[in-house]
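All values reported here derive from a predicted model rather than from experimental measurement. Just so you know, these numbers use all the heavy atoms, side chains as well, and skip hydrogens, waters and symmetry mates. Labels below follow one simple rule: chain letters A, B, ... track the order of the sequence lines, proteins then strands, and each chain is numbered from 1.
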Amino acid sequence: MKYDFTAIEKKWQKRWMEEKCYAAVNGSDKPKFYGLIEFPYPSGQGLHVGHPRPYTALDIIARKRRMQGYNVLFPIGYDAFGLPTENYAIKNHMHPRTVTETNIKRFTEQLQMLGFSFDWDRVVDTTDPEYYKWTQWIFLKLFEKGLAYKTSMPVNWCTSCKCVLANEEVVNGVCERCGSEVVRREKSQWMLKITEYAQRLIDDLDEVDFIERVKIQQRNWIGRSTGAEVDFTTTTGDVLTVFTTRPDTLFGATYMVMAPEHALIEKWADKLENLDAVREYQAAAARKSDFERTELQKDKTGVRLQGVAAVNPVTSTEIPIFISDYVLASYGTGAIMAVPGHDTRDWEFAKEFGLPIIEVVKGGDVEKEAFTDCATGIMTNSGFLNGLSVDEAKKKITEWLTEKKLGHEKVNYKLRDWVFSRQRYWGEPIPLVYCEKCGWVAIPESELPLRLPDVESYETTDDGESPLSKMTDWVNTTCPHCGGPAKRETDTMPQWAGSSWYYLRYMDPHNPDALVGEDAIKYWHQVDWYNGGMEHTTLHLLYSRFWHKFLYDIGVVPTKEPYMKRTSHGMILGEGGEKMSKSRGNVVNPNDIVDEYGADTLRLYIMFIGDFEKAVPWSSTAVKGCKRFLDRIWNLAENRLEGEEYSKANESEIHKAIKKVGEDIENMKFNTAIATLMSLVNVFYENKPSRGDIKTFLILLSPFAPHIADELWEHQGFEGMANAQPWPAYDESKTVDAEKEIAVQVGGKLKTTVVVPVDADDETVKSIACADEKIRKILTGMEIVKTIVVKNKLINLIIKPKQ
RNA sequence: GCCGGUGUGAUGGAAUUGGUAGACGUGCUUGACUCAAAAUCAAGUGCCCUCGGGCGUGCCGGUUCGAGUCCGGCCACCGGCACCA
């Protein structure tokens, strides 16, 4: 009989679905395992081969856990709000809801075709009002606790999407999504105070098992630095506060720089002798897009504030103040003390403007370049700090500043608050109203979900307001607080909102009374293993950790962290090693592979293709190898075999394989796990397997290629299904052979190999090695000075000529 | 510039963490089957060789009985951050 993968795969997918083989049970007595993959954005292009890589990986792990006796939650859903859907809907005059439904249907078919063991009764869709009801609920709680606030600020404005972007969404000064120019624009926005959680987001990384590069990237993004705030008095009598990580260099501060947007400049306007030049510089800086700002990094520009100066608190010297756009308004205090001797940027600026450079840390040549090494330098020209190391000086000066009330220790973060409004239609409505009398007021919880109204046009208005703003009968409402006239917020939430808590909804997806029921959260706690892309490390992963911590604070969840373990997969590249993209025309559609070879082959190949963590190019010829492997299995097991025990000839190889495949799955070394299975099949071609051999083999194969495993299981007449069998145990003693082939080296160079009994003692190994003819020849006229034996591996003989 | 990572046959990649480099797959060569091709099965496949061996994991050096693996110094490529004081 032919291996008719199309029929077989359909048959088993249907049976798994009917018999609910992969349903998770809330409150089961079994130990629980919650495995999670990042739910997809159901785009119009459908699935491409990149999607199933992480899905298959966690599917293998979930299947193995079930076989190990766990109650497994392995869910799937759709992160369906977002711009591409909305843009497509506008272009084709459709409702985004319709587009979303079509796309979800297509994605579902494609996912089911690949045989993933998702629990299809727990599907969530972020655009479902029953879902976003709880997204809105969380927002109201954030608002209630003062963590959501509205502020007017310069924001990143995408000129093409006509939309505000979070800092995380701006890449190299252009829009992450469409690549268009991003400019600064003053807008009133809802913000979430993620910065209030900055320290906890760093500290709690120590409690979770995330791969190191994820932890490092998150720490870098949050960007904690310790230093001091120092107050400088100015000739106007104002205090100009700066943040510095190098308070030790205070004696070397020869000028100051403020961001062009700094508030004190307005206050000083009538004192500035060169106000026109200052205004002109401010205007030029404001006009620059982020892109231009980064482009013009090299040349330092600025304007000196004539008529105002500052006083260095330790030297009492009067020093000039400049404005320059190399100082950012958004970090620290928006002003710095400039120490050109020991900061590269200050040094460049000082050279440009002919400002004095004083050496306060010995060890470099400050005339040639700034000396920034903190480890070796010794303080000089610094009064009471002279002779101290940089670290000692930092400590001493900070104490001194604190005592004199001129400053204090200070920690700063690069992380900024999360811009949470979008002027678009296809997102969760923000459930607030604005009342002239009461200000911003939350709508009552009983009115949730606040549904998206149908509008005629989804396009952003020309002044950058949300399409919802045109819906006057929706916008005009009454204030829940005073009953007077009020207007609804017309901005919607960003795409990241729905994905910030979806893992909780999976635990209890149909609960109408809570985002997750108490029993459900008590049982599932948190995600045990979460796999996702590195591109989400500073966006989704950080945002959802923040929301989870907030939910922990208000008593909704019992754990501080949402995810115990985080791993990451590499991308699948096009055949030429380039990123797969529609424009390059190198996108591989999984449907084509499934049609030609079947889902089991695709699953195997995607896992066999290379190191799971690294990017790998697709190969359309190498897929065949995995199909051949399945064909060879089919040939072996199609007909009923004999013998329930392991066959003598294969027993040891089977025990080794059970061990290796099990360990490899845990370490996500799927490629070598599959190689082990392939080797075992090669062994079966040498020594015909018994029915018992095949039984274990099919169980091991089942997580990787579940359809063919269940089919052949049935052919052999075994009870039940392969996917529901207990994971086989191995006998350690049977994974070692009675004899070992070991290397024989002379002087560290491999000369030959000999076979010795396993665990043979050094003397035995030596005598066997020396008895080898080749070695005997080499040893003629030589004496052995030293012998190194590594058990079961090698023997190394160090020799010299006989005297 | 800073922070991560990678570099192994024609090719995708293995190598129990210092112990026989190249598992497994693709490709290629040869043979069997076939009228023939495909498919399948079997054998071979790092490079050089005077058949004793010699050389090989980006480059140069070091530690070691022994280095793809550890240390020092370079080079190339990929990812992230980027005037963060």
Report task. Report the distance from atom CD1 of A:Ile211 to atom P of B:G80, rounded to the nearest whole Å. Result -> 15 Å

Query raised in the report: Reckon A:Lys660 touches a base, only the sugar-phosphate, or nothing at all at heavy-atom distances under 4.0 Å?
Result: nothing

Report task. Using ring-ring contact (aromatic ring centres under 6.0 Å, His included) as the criterion, list what pairs up with A:Phe697, not counting sequence neighbours. Result -> A:Phe684

Report summary line: A:Lys215 atom NZ is separated from B:C3 atom C1', nearest whole Å, by 17 Å

N/O to N/O distances under 3.5 Å, protein versus nucleotides 21-32 of chain B:
from, atom 1, to, atom 2, distance (Å)
B:G25, OP1, A:Asn682, ND2, 3.4
B:U26, OP1, A:Arg628, NH1, 2.5
B:U26, O2', A:Thr621, OG1, 3.3
B:G27, OP2, A:Arg628, NH1, 3.4

Report task. Check the distance between B:C2's C1' and A:Asp343's CG and give it to me in whole angstrom. Result -> 14 Å

Report summary line: By ring-ring contact (aromatic ring centres under 6.0 Å, His included), A:Phe704 pairs with (sequence neighbours left out) none

Query raised in the report: When all nucleic acid strands are considered with a 4.0 Å heavy-atom cut-off, which category describes A:Lys774: base, sugar-phosphate, or nothing?
Result: sugar-phosphate

Query - Under the side chain to side chain donor-acceptor pair (under 3.5 Å) test, residues paired with A:His342 that sit two or more places apart - result: none

Query raised in the report: Going from CG on A:Asp231 to CG on A:Leu401, what distance comes out if it is rounded to the nearest 0.5 angstrom?
Result: 8.5 Å

Query raised in the report: When the C1' atoms of B:A43 and B:G5 are considered, how many whole Å apart are they?
Result: 41 Å

Query raised in the report: Can you tell me how far C1' in B:G58 sits from the matching atom in B:A39, rounded to whole Å?
Result: 41 Å

Query - Pairwise C1' distance for B:C70 and B:U57, with rounding to whole Å - result: 16 Å

Report task. Tell me whether B:G56 sits syn or anti, counting syn as a glycosidic angle within 90° of 0. Result -> anti

Report summary line: For A:Asp343, the salt bridge (Lys or Arg N to Asp or Glu O under 4.0 Å) test, sequence neighbours excluded, returns A:Arg345

Query raised in the report: Nearest-Å distance, CD (A:Glu686) to C1' (B:A43)?
Result: 13 Å

Requested in this report: Measure from NZ or CZ of A:Lys300 to the centre of the six-membered ring of A:Tyr326, then state whether that distance is under 6.0 Å and the direction lies within 45° of the axis.
Outcome: yes

Query raised in the report: Using atom P of each nucleotide, how far apart are B:U6 and B:C83 to the nearest Å?
Result: 28 Å

Report task. Could you please name the option among B:G13, B:C65, B:G54 that lies closest to any side-chain atom of A:Lys786? Result -> B:C65

**Report entry** Residues touching RNA chain B, which here means a heavy atom under 4.0 Å, drawn from residues 790-801 of chain A
**Finding:** A:Val790, A:Lys793, A:Leu794, A:Asn796, A:Ile798

Query raised in the report: Atom CZ of A:Phe349 and atom P of B:A85: how far apart are they, to the nearest Å?
Result: 18 Å

Requested in this report: Only pairs at least two apart or in different chains count here, so list each salt bridge (charged side-chain N to carboxylate O under 4.0 Å, His left out) that has a residue in residues 655-665 of chain A.
Outcome: A:Glu653-A:Lys656, A:Lys656-A:Asp737, A:Lys659-A:Glu732, A:Lys660-A:Asp664

**Report entry** Between A:Gln199 and A:Tyr413: side-chain donor-acceptor atoms closer than 3.5 Å
**Finding:** yes

Requested in this report: List for me each residue that meets ring-ring contact (aromatic ring centres under 6.0 Å, His included) alongside A:Phe243, sequence neighbours excluded, and say none if there are none.
Outcome: none

Please set out all donor-acceptor pairs under 3.5 angstrom arising from side-chain atoms of residues 244-253 of chain A, sequence neighbours excluded.
from, atom 1, to, atom 2, distance (Å)
A:Thr244, OG1, A:Arg246, N, 2.9
A:Arg246, NE, A:Asp248, OD1, 3.1
A:Arg246, NE, A:Asp248, OD2, 3.3
A:Arg246, NH2, A:Asp248, OD2, 3.0
A:Thr249, OG1, A:Arg246, O, 2.7

Report task. Would you mind telling me which of B:G19, B:A85, B:C3 lies closest to the side-chain atoms of A:Ile788? Result -> B:G19

Query raised in the report: Does A:Arg213 come within less than 4.0 Å of A:Glu613, counting only side-chain N to carboxylate O?
Result: yes

Query raised in the report: Can you give the dot-bracket line for RNA chain B, using ( ) for pairs inside the strand, [ ] for pairs that cross earlier ones, | for pairs with another strand and . for unpaired bases, where Watson-Crick and G-U count if both distances are under 3.5 Å?
Result: (((((((..(((......[....)))((((((.......))))))(((....)))..(((((..]....))))))))))))....

Query raised in the report: Atom CD1 of A:Ile606 to atom P of B:G13: distance rounded to whole Å?
Result: 15 Å

Query raised in the report: Whole Å only: how far is the CG atom of A:Leu250 from the C1' atom of B:A85?
Result: 14 Å

**Report entry** B:A38 versus B:A32 - spacing of their P atoms, nearest Å
**Finding:** 14 Å

Query raised in the report: Can you list the residues that meet the salt bridge (Lys or Arg N to Asp or Glu O under 4.0 Å) rule with A:Asp592, with sequence neighbours excluded?
Result: none

Query raised in the report: Which nucleotide, B:C55, B:U20, B:G4, lies nearest any side-chain atom of A:Arg213?
Result: B:G4

Query raised in the report: B:C83 P sits how many Å from A:Phe243 CZ, rounded?
Result: 16 Å

Query raised in the report: Hey, does A:Glu741 reach any base, or is it just sugar-phosphate, or nothing, if we go heavy atoms under 4.0 Å?
Result: base

Requested in this report: With heavy atoms under 4.0 Å as the rule, sort A:Asn635 into base, sugar-phosphate or nothing.
Outcome: nothing

Query raised in the report: Who pairs with A:His262 by ring-ring contact (aromatic ring centres under 6.0 Å, His included), at least two apart in sequence or on another chain?
Result: none

Requested in this report: Answer syn or anti for B:G52, where the cut-off is 90° from 0 on the glycosidic torsion.
Outcome: syn

Report task. By nearest nucleotide on RNA chain B, pick out whichever of A:Tyr605 and A:Tyr326 is the more 5' one. Result -> A:Tyr605

